[in-house]
Amino acid sequence: MTRLRDVPDADHLPALDRGIAITRPAAGMGDDQPPPRILLLYGSLRERSFSRLAAEEAARLLILFGAEVRIFDPSDLPLPDQVKGDDHPAVHELRQHALWSEGMVWCSPERHGQITGIMKAQIDHPPLEFGGMRPTQGRTLAVMQVSGGSQSFNAVNTLRLLGRWMRMITIPNQSSVAMAFKEFDEAGRMKPSSYYDRIVDVMEELVRFTILTRPHAGQLVNRYSERKAVQAKRNAATDLAVQAVL
């Protein structure tokens with residue numbers, strides 16, 4: 001079983017002017033092969049989830065721009081600490097997708113002026129470090145939100161704060177879609193608008209930052225405090241080995 005959602009009509013982009021679109025937005029900025037790996041998370045379980053629909057539009061654009069994408073379906077994701085040791089298949093899968101990724105897109109509805117609980121749960125499940133691996137550190141991040149009312153930036157502001165906390169490289173641009181129920185047709189496709197154009201901008205920028213930072217990812221997250229902690233573990237292991245010999 002996989003919790004990845006397919007991207008429907010991945011090559012159908014009716015709201016995009018292909019005459020203006022750049023299919024390799026990071027050309028000349030670095031090696032874009034293999035394709036940048038982007039994980040997309042959305043924050044609503046509604047059957048007609050506008051955050052999911054917006055994430056799907058973003059995924060189609062990323063595919064056009066040469067990226068490999070995965071959209072995680074959080075339908076059966078438990079709350080953090082709901083399952084002892086977070087030992088749940090959905091948690092394990094989410095963490096593996098996070099480790100696979102080089103960049104992420106987080107798209108949340110704004111509810112009561114904030115991100116949703118399901119969005120926060122997805123961000124809370126990947127720890128800063130487990131088993132010597134860091135599933136978010138050094139990855140690029142684009143933030144998006146959809147609103148039922150007038151345009152707001154509460155959700156993206158919170159997502160930026162969380163991205164910083166998870167030690168991610170959050171790109172400058174962002175997307176906030178107001179009155180989202182007006183922006184999608186019956187088939188769930190986004191209509192041409194300045195809101196759609198902004199999503200194009202954000203995905204172009206995400207690909208650029210991912211390719212730009214790719215060769216430097218290890219150096220960007222090489223921290224003194226973490227090297228010190230690793231050295232302490234090595235010293236402790238050496239001390240135990242010496243004691244065992246004696």
Side-chain angles (χ1 to χ4, degrees), residues 3-18 20-26 32 35-44 46 48-74 94 97-98 100-110 115-116 118-119 122-123 139-147 151 153 155-156 159-160 162-163 168-178 180-181 183-185 187-211:
R3 291 164 179 83
L4 295 179
R5 295 189 64 91
D6 293 330
V7 182
D9 299 319
D11 59 351
H12 183 49
L13 298 162
L16 182 72
D17 184 341
R18 288 180 178 263
I20 301 173
I22 302 173
T23 55
R24 291 184 62 198
D32 60 4
R37 303 181 302 275
I38 309 296
L39 174 64
L40 296 96
L41 307 179
Y42 61 91
S44 169
R46 290 179 176 175
R48 185 171 168 83
S49 163
F50 294 113
S51 62
R52 174 176 57 79
L53 294 177
E56 289 175 352
E57 293 291 355
R60 294 182 186 97
L61 291 164
L62 289 167
I63 292 169
L64 177 69
F65 297 152
E68 183 179 355
V69 303
R70 295 181 180 180
I71 303 178
F72 181 74
D73 183 344
L94 174 58
H97 295 317
W100 165 87
S101 71
E102 293 179 272
M104 296 189 192
V105 177
W106 294 349
C107 183
S108 178
E110 181 176 311
I115 65 172
T116 59
I118 192 65
M119 189 78 241
Q122 290 176 91
I123 297 169
R139 284 150 177 82
T140 52
L141 172 65
V143 296
M144 301 168 56
Q145 76 170 72
V146 294
S147 303
Q151 191 171 42
F153 302 96
V156 287
L159 292 174
R160 283 188 176 280
L162 290 167
M168 303 178 77
I169 303 167
T170 308
I171 67 171
N173 217 337
Q174 62 188 25
S175 167
S176 174
V177 180
F181 61 93
E183 298 301 321
F184 293 84
D185 62 22
R189 298 307 306 271
M190 200 165 181
K191 303 172 186 176
S193 69
S194 60
Y195 293 131
Y196 179 83
D197 294 347
R198 177 57 66 89
I199 293 178
V200 180
D201 292 346
V202 173
M203 293 309 113
E204 281 186 341
E205 190 170 288
L206 177 63
V207 171
R208 290 185 179 118
F209 271 80
T210 304
I211 295 302

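What you see below is based on every heavy atom in this structure, not just the backbone, and it leaves out hydrogens, waters and symmetry mates.
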Identify, with sequence neighbours excluded, every residue that meets side chain to side chain contact (heavy atoms under 4.5 Å, CB included) alongside [X].
X: R37; result: E68, W100, E102
X: I171; result: A142, V202, E205, L206, F209
X: P14; result: H12, R189
X: I22; result: E204, R208

[X] versus [Y]: any side-chain heavy-atom pair under 4.5 Å?
X: M203; Y: M144; value: yes
X: I118; Y: Y42; value: no
X: M190; Y: Y195; value: yes
X: R18; Y: L64; value: yes
X: W106; Y: I115; value: no

Under 3.5 Å: donor-acceptor pair, side chain of [X], backbone of [Y]:
X: T116; Y: G43; result: yes
X: Q145; Y: V156; result: yes
X: S49; Y: R46; result: no
X: E57; Y: L53; result: no
X: R139; Y: A98; result: yes

* With R52, which residues qualify under salt bridge (charged side-chain N to carboxylate O under 4.0 Å, His left out), at least two apart? -> E56
* Test side chain to side chain contact (heavy atoms under 4.5 Å, CB included) applied to V105 and V143, L62, L41, the passing residue -> L62
Those residues that, when tested against [X], pass side chain to side chain donor-acceptor pair (under 3.5 Å) (two or more places apart):
X: T140; answer: T210
X: R48; answer: none
X: Q174; answer: R160
X: S44; answer: none

* Structure fact -> Y196 meets the ring-ring contact (aromatic ring centres under 6.0 Å, His included) criterion, sequence neighbours left out, with none
* Asked: Who pairs with F50 by ring-ring contact (aromatic ring centres under 6.0 Å, His included), at least two apart in sequence or on another chain?
  -> F184
Closest contact, heavy atoms only, [X] versus [Y]:
X: S51; Y: V146; answer: N-CG2, 3.8 Å
X: E183; Y: S193; answer: OE1-OG, 3.4 Å
X: A55; Y: I71; answer: O-CD1, 4.4 Å
X: L141; Y: G163; answer: CD2-CA, 3.6 Å

* Asked: Between atom CD1 of I38 and atom CD1 of I63, what is the distance when rounded to the nearest 0.5 Å?
  -> 11.5 Å
* What is the distance from atom CZ of F65 to atom OG1 of T23, rounded to the nearest 0.5 Å? -> 8.5 Å
* Structure fact -> Applied to residues 192-201, the salt bridge (charged side-chain N to carboxylate O under 4.0 Å, His left out) test, sequence neighbours excluded, yields none
* D185, CG atom: more than 12 neighbouring heavy atoms under 6.0 Å -> yes
